[in-house]
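Below is one structure, written out as structure tokens; comments come after it.
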Amino acid sequence: MNVEKVLISADEIAAKLEEMGKAITADYQNKDLLIVGVLKGAFIVMADLARQIELPVEFDFMAVSSYGAATQTSGVVRILKDLDQEIAGRHVLIVEDIIDSGLTLNYLLKSLRVRRPESLEVAALLVKEGIERTPLDVKYTGFTIGPDFVIGYGLDYAGKFRNLPYIGVMDQSSL
Ligand code: IMP
Ligand code: MG
């Protein structure tokens, strides 16, 4: 398996997260913000984005089932780890690594909305374009990318490559 090319460099990601962090800081002034990371993919984005937010934020995590070793969505979403805390009346910001079909996020939003948060928004580093998906309202988007399968910066292929400091496109011939 090889990385075919660097799609988004570490510097470009850092600049984008700084921008997103500034927007979030401005939007949540005097609000009690809870950031929810979707494991495992979001752990790196969450860590780096959170350090660009100048507010006394709190953190929680959810884990949902995703692709396994395949590169196509199964359409099946399962909560493997739920939030530790109640979110009723809280301002909740979900942090995602990537939105592809939107199935994962759509399911998450539905299951969190019924808990009556004061607000519920989404920040995603990557959104794939040109894919038929449930219309989703993503308030903070980093980069819109094409349909290629990408790895790095939290994103895996078969559990690996999450620690690449950039977003890379995989050499499809080695899939
Ligand atoms: P969705 O439900 O189709 O939006 O898929 C979302 C999840 O699929 C993400 O949180 C990732 O775990 C995984 N995923 C989607 N596209 C990619 C990709 O290009 N590389 C690595 N993981 C991906
Ligand atoms: Mg994943």
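Just so you know, ligand 1 is whichever comes first in the structure, and atom 1 is the first atom listed for that ligand. Everything numeric in this text was worked out from a predicted model, so none of it was measured.
- Between the side chains of Asn163 and Tyr153, no donor-acceptor pair of N or O atoms lies under 3.5 Å.
- Interatomic distance, CG of Leu83 versus CG of Asp60, reported as 4.5 Å (0.5 Å rounding).
- Atom numbering of ligand 1 starts at 1 in the shown order; those under 4.0 Å from a heavy atom of Glu96 are 10 (O).
- A donor-acceptor pair under 3.5 Å is formed between the side chain of Glu12 and the backbone N or O of Ser9.
- Which parts of ligand 1 touch Thr104 is read off a 4.0 Å heavy-atom cut-off, strictly below it: atoms 1 (P), 2 (O), 5 (O), 6 (C).
- The contact set between ligand 1 and Ser101, taken as ligand atoms under 4.0 Å from a residue heavy atom, comprises 1 (P), 2 (O), 3 (O), 4 (O).
- The contact set between ligand 1 and Leu103, taken as ligand atoms under 4.0 Å from a residue heavy atom, comprises 2 (O), 4 (O).
- Between Phe149 and Tyr157, the angle of the ring planes goes over 60°, which puts this pair in the perpendicular group of the 30/60° scheme.
- At distances below 3.5 Å, at least one donor-acceptor pair connects side-chain atoms of Thr25 with backbone N or O atoms of Glu54.
- Using a non-hydrogen distance threshold of 4.0 Å, Asp97 registers as a contact of ligand 1.
- No side-chain donor-acceptor contact under 3.5 Å links Thr141 to the backbone of Phe143.
- Checked against a 3.5 angstrom limit, the closest N/O atoms of Gly102 and ligand 1 fall inside it.
- Selection from Val150, Leu108, Asp156, Leu155 by nearest heavy atom to atom 20 (N) of ligand 1 gives Val150.
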